[in-house]
Amino acid sequence: MAAAPEPGEPAKGKPFKLLGILDVENIPCARDSILYGSLGSVVAGLGHFLLTSRIRRSCDVGVGGFILVTLGCWFHCRYNYAKLRIQERTARDGIKNKILYESTHLDPERKQSPSKNSS
């Protein structure tokens, strides 16, 4: 028998694809965006139905809520993800330069002693 995967480990089965194109498991921000979008759809559709009692219009509002909330969460999350990647790259380059220039004459932290000869 195969052991069940741990909660932190990825499953070794077939990945879940939404509509056959969006790999929700491996694309950053896709899972959260879809979940928040579905919640926004239920809230918008149900809220509109409770206010107006119009079924068809409430379904339309629910679909619109899904699209707006999903896209809003997607762009917000991807913006933060890109910003984090830029910060990581900057830190990685800084560490690489620190290692490269350490204890050389190009090291910016090395104190430049003035070579004045006072006689």
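Since the structure is predicted, the reported quantities are computational estimates derived from the model, not experimental observations. Basis for what follows: all heavy atoms, side chains included, without hydrogens, waters or symmetry-related copies.
Scanning all heavy atoms of the two residues, the minimum distance from Trp74 to Pro28 falls at CZ3-O, 3.9 Å. Considering every non-hydrogen atom in both Ala44 and Val61, the closest pair reads O-CG1, 3.7 Å.
Under the side-chain contact (heavy atoms from CB on, under 4.5 Å) rule, His48 has a single partner from Cys59, Ser58, Ser53, which is Ser58.
Proximity of Leu39 to Val69: side-chain heavy atoms (C-beta onward) are nowhere separated by under 4.5 Å.
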Please tabulate, for side-chain N and O atoms in residues 81-95, each donor-acceptor pair with protein atoms closer than 3.5 Å (sequence neighbours left out).
residue, atom, partner, partner atom, Å
Tyr81, OH, Arg85, NH1, 3.3
Thr90, OG1, Ile86, O, 2.9

Check the pair Cys73, Cys29 against disulfide bond (SG atoms under 2.5 Å apart), reporting the backbone distance first and the verdict last. CA-CA 8 Å; Cys73 288; Cys29 304; over 6 Å; no

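Distance check: Asp60 CG to Ile55 CD1 gives 12.0 Å after rounding to the nearest 0.5 Å. Going from atom CZ of Arg78 over to atom NE2 of His76 covers 13.5 Å, rounded to the nearest 0.5 Å.
Between the side chain of Thr70 and the main chain of Ile67, no donor-acceptor pair closer than 3.5 Å is present. With hydrogens and angles disregarded, a donor-acceptor distance shorter than 3.5 Å links the side chain of Ser41 to the backbone of Gly62.
No continuous path of hydrophobic side-chain contacts links Val42 to Leu35 [ILVMFWY only; heavy atoms under 4.5 Å].
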